[in-house]
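If you're wondering where the values come from, they're calculated on a predicted model, not measured in any experiment. All residue numbers in this chain count up from 1 along the given sequence. Heavy-atom basis, side chains included; hydrogens, waters and symmetry copies ignored.
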Amino acid sequence: VAALALLSLWLAWGYAQRRTAQIRDLAGLKTQLELAQQVAGTGSWMWDVEKDRINASRQVYEIIGPLAKGLAPRLASFLKIVPEAEHPAIVDALRTLLKSGRIEHEHHILRPDGEPRLLMHKAWVTETNDDGRAVTVIGSCRDITEERRIQSLLEARKQRLDTLIESLAEGVVVRDRDGRITLVNDAAARMAGSTREALVGQYPESATLEMVDEHGEVLAPDDHPAALTIRSGRPIDRQLYGIRLTGARLNWVSVSTRLLPPDEHGNGDAVVVTLADVTRLRDAEREGRMAAAVFAQVSQPIVITDGESHILRTNRAFTEAFGYSFEEAVGKKISLLRSMRHDRAFYADIWQQLERSGYWHGEIWNRAKSGEPI
């Protein structure tokens, strides 16, 4: 009997020791869980559906703040801190939870100081009865007010940036590291003779967008300015290229490129390309060169003056006819050629007709550098 008593005491002592160790381990796990929740800013709760009893962690009450005082462990009590306008949405969310087994729902609470806070709940049904009805629900709670505020600020900033990019007269194109277009504004699409929707997602090797160098030679995809910058890391500044959709009109653009820094994972867009349409400027320059060639080669003397009759330009035929070099004539008044064979009224009539109708034609005596009348 004594031996049995000692054995029973020894077994009881062992059980007590194991039980104490288990309790200690559970307490340690609970402490670790609370610390983890504290660091993550997340609380946990368990809802006994049949008894309508909610057991929430300390972090949940800290998230709720002053409103937690006097809350009973009942669903109805927690609903009191939610704006009444959001009650129907919560009821619908709970119905979905009990039916589907999980939800993710956001709602506000109004603190005594009037500050609204936005909470995010995620919940799972972890136990059901024989009829398949939910018995136990476990959920998490997190204050996402600041997160949503920052997200709203970022979205507003992005919208402002998008508006700014769209308002630019310059074209803007962003390509990723594979060369695919991820962003293009309307100005760039117009220069390419296309639309934003048709260009976004396109690769240069698709051959629908053709690019040529300043001599008109078609570039291979690897020689496009964006591809060159991605490969070499060097920017391009105001270099002339022609772009067009296959078979469309060629537009000339001044291209600049800059590398974009990758994100922390080495991903993201790679290069931004800005395009300035110089088609009209190039055409005007070409027409100007043609006009200059005609001006220089025409056989009739030509003089261009400003509104005060100062000579701005002459052609070669002028020098041959009157003997004045370009340097000798420029800056002088057109009266340099006066022959003294016409009176002041004659010249006054010429200027009056020029001012009235924009032109004058007729015969006039002039004088060469040698003094010979012409």
Can a cation-pi geometry be assigned to Arg313 and Phe326, taking NZ or CZ under 6.0 Å from the six-membered ring centre and within 45° of the ring axis?
-> no
Minimum heavy-atom distance between Trp252 and Gly216, given as atom pair plus value = CH2-N, 4.4 Å
Heavy-atom closest pair, residues Val273 and Ala226 = CG2-CB, 3.9 Å
Could you give the distance from CE (Met120) to CD1 (Ile144), rounded to the nearest 0.5 Å?
-> 4.5 Å
Should the ring pair Tyr324 and Phe318 be called parallel, tilted or perpendicular, given that the plane angle runs from 0 to 90° and is split at 30 and 60?
-> parallel
Find out whether Val271 and Asp176 are in side-chain contact, i.e. whether some heavy atom of one side chain is under 4.5 Å from a heavy atom of the other.
-> no
Rounded to the nearest 0.5 Å, what separation is found between the CD1 atom of Ile302 and the OG1 atom of Thr314?
-> 10.0 Å
Looking only at side chains, do Gln59 and Tyr61 share a donor and an acceptor under 3.5 Å apart?
-> no
Matching residue for Leu119 among Asp143, Ile81, Val60, Val82 - test: side chain to side chain contact (heavy atoms under 4.5 Å, CB included) = Asp143
In terms of side-chain geometry, is the basic nitrogen of Asp48 or Arg74 positioned less than 4.0 Å from the acidic oxygen of its partner?
-> no
To the nearest 0.5 Å, tell me how far Gln159 CD sits from Leu154 CG.
-> 11.5 Å
Looking at CZ of Arg95 and OG of Ser100, how far apart are the two atoms once the value is rounded to the nearest 0.5 Å?
-> 13.5 Å
Would you call Glu328 and Lys369 a salt bridge, taking side-chain N to carboxylate O under 4.0 Å as the test?
-> yes
Roughly how far, to the nearest 0.5 Å, is CD of Glu355 from CD of Gln352?
-> 7.5 Å
Check: His108/Glu86 side-chain N/O donor and acceptor closer than 3.5 Å = yes
Check ion pair Glu155-Lys158 (N to O, under 4.0 angstrom) | no
N-O pairing of Arg148 and Glu106 below 4.0 Å = yes
Here the gap from Arg180 atom CZ to Thr182 atom OG1, rounded to the nearest 0.5 Å, amounts to 8.0 Å
Taking the side chain as every heavy atom from C-beta outward, state whether Asp52 and Trp47 have any pair of such atoms under 4.5 Å apart.
-> yes
